[in-house]
Number of protein chains: 2
Amino acid sequence: MEKTTRTQIIESADELFYHRGFEHTSFAHIADEVKISRGNFYHHFKSKDEILESVIELRLERAKQMLDAWQTQETNPTDRIRLFIQMLIMNKSKLKLYGCPVGTLCSELAKLDHVSKKQAGKLMGTYRDWLARQFIGAGCKKNADELAMHVLAHSQGIAVLANTFQDEAFIKHEVRQMEKWLDEALGK
Amino acid sequence: MEKTTRTQIIESADELFYHRGFEHTSFAHIADEVKISRGNFYHHFKSKDEILESVIELRLERAKQMLDAWQTQETNPTDRIRLFIQMLIMNKSKLKLYGCPVGTLCSELAKLDHVSKKQAGKLMGTYRDWLARQFIGAGCKKNADELAMHVLAHSQGIAVLANTFQDEAFIKHEVRQMEKWLDEALGK
DNA sequence: TACAGATTAGGACAAATGTCCTAATCTGTA
DNA sequence: TACAGATTAGGACATTTGTCCTAATCTGTA
């Protein structure tokens, strides 16, 4: 079964929005990628904003899918948090070039005061809630959300600086620090 | 002595680029703010990119000026780092609305692959270098830059999340954590 | 085969953008 | 006052943008 045009549009837009930003990506860019006529978008979407909506949905699904996979793959909540942190290492070359796909989208939509900025926030919220659940599972019931937010904040900061300074080595060092912090936070 | 038109353009652009982002800000927006004709920008600047250049210069100057003021105002390097961290509290309402002016600019310019992205990186670098000098002054000569990058990363992450979740209270909590971390890092 | 509905191509459209040009006005100096 | 240079207003310009329309083509079904 082939990919539908609609799916191709969403997936190309997903990548272009990440690489170039939402506003800086035009229909012409997506059309070039998918190799369809520009005027024909409107058979699949009512507007550019609606494409963004679908892209965020796609990212939400993929995120949940990945986190679900981790849930069955690792039995230990602590190790699952470690998997989350390891994501920074796995994606280090992309982070260097484009930053974090979630964080940069949220930042851009906040400045545009875009209708979908809240929806993009849910994407970040998915990771937040999942991390909090892992911390609860690891025995930190009372401050699980705060710990989750700390991991999230640290990850976002690492992404911004790796992008700004075009530095992958920094990611590795900072991840080591975060892992050390995690051991201490869960130790007591 | 009145502000020159050129200065007014730069200062309005500075604010608009922060609030709306660089690309999403047009000449029409700046012209509205400064109350001049649109066509008359080109007597002061050759292009929009040149306005951005001047805005970054302005931000560089202001950053250096602020850090210099701290240098004379506080004799203790540790207290100067605390002042840096306290900036997050002072600017919390703006951070919630627009994120960090430095971080969001660097992220945007990276996606645009803009000629000035390196220059914007220098802005971040100014804080990095200053923080590193403070850590050296506080007796952490061997890993001063790593500590500086850690403070910077944490600050950036806090800004991204405060913006994403529209949450000021989170800033206060995370700043407290960072101050605690600072005490420990300098204690040994 | 015939035909209805889905899909597509291609282009029209107004609005907005960055850029540039020219004529008017202001300002300081001789 | 007279005049040169700086500053400004206003609009022209080509390009790009998101949006929309229409005619052609494809696809599955009767």
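The chains referred to below are lettered A, B, ... by the order of the sequence lines, with proteins before strands, and numbering in each begins at 1.
Under 4.0 angstrom from either OP1 or OP2 of dT17(D) there lies no side-chain N or O belonging to H24(A). Checking the phosphate oxygens (OP1, OP2) of dT8(C), a side-chain nitrogen or oxygen of T5(A) falls inside 4.0 Å. Phosphate contact (OP1/OP2 of dT17(C), side-chain N/O of S26(B), threshold under 4.0 Å): present.
H154(B) and H154(A) have parallel rings, their planes meeting at less than 30° on a 0 to 90° scale where 60° marks the start of perpendicular. Between H19(A) and Y98(A), the ring planes lie parallel to each other; the angle is under 30°, not in the 30° to 60° tilted range.
The side-chain heavy atoms of D49(A) and H114(A), taken from C-beta on, include a pair separated by under 4.5 Å.
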DNA chain C in dot-bracket, Watson-Crick or G-U pairs under 3.5 Å, [ ] crossing, | other strand? ||||||||||||||||||||||||||||||
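Smallest separation of non-hydrogen atoms from V34(A) and I9(A): CG2-CA, 4.0 Å.
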Could you go through nucleotides 3-6 of chain C and list every protein N or O atom that sits under 3.5 Å from one of its N or O atoms, giving the distance for each pair?
none

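When distances are taken from the side chain of S37(A) to each of dG18(D), dA12(D), dG10(C), the shortest belongs to dG10(C). Set against dG18(D), dT8(C), dT19(C), the side chain of K48(A) has dG18(D) as its closest nucleotide.
In this structure, SG in C100(B) is found 8.5 Å from CG in L152(B), a value given to the nearest 0.5 Å.
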Evaluate K111(A) against E108(B) for salt bridge (charged side-chain N to carboxylate O under 4.0 Å, His left out), listing each step before the verdict. CA-CA 11 Å; K111(A) 290 215 196 283; E108(B) 182 179 4; over 6 Å; no
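Counted by atom type alone, E33(A) and Q8(A) present zero donor-acceptor pairs between their side chains at under 3.5 Å. Side-chain contact, E146(B) with H173(A): a donor N or O sits under 3.5 Å from an acceptor N or O.
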Could you write nucleotides 21-27 of chain C as a row of B, S and -, 5' to 3', where a protein heavy atom under 4.0 Å of any base atom gives B, of only sugar-phosphate atoms gives S, and otherwise -? B------
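Remark: K48(B) qualifies as a cation-pi partner of F22(B) under the 6.0 Å distance and 45° angle criteria applied to the six-membered ring. In this structure, R128(A) forms a cation-pi arrangement with F165(B), its terminal cationic atom sitting closer than 6.0 Å to the ring centre and no more than 45° off the ring axis.
For K180(B) and D183(B), the salt-bridge test fails: no basic side-chain N is under 4.0 Å from an acidic carboxylate O.
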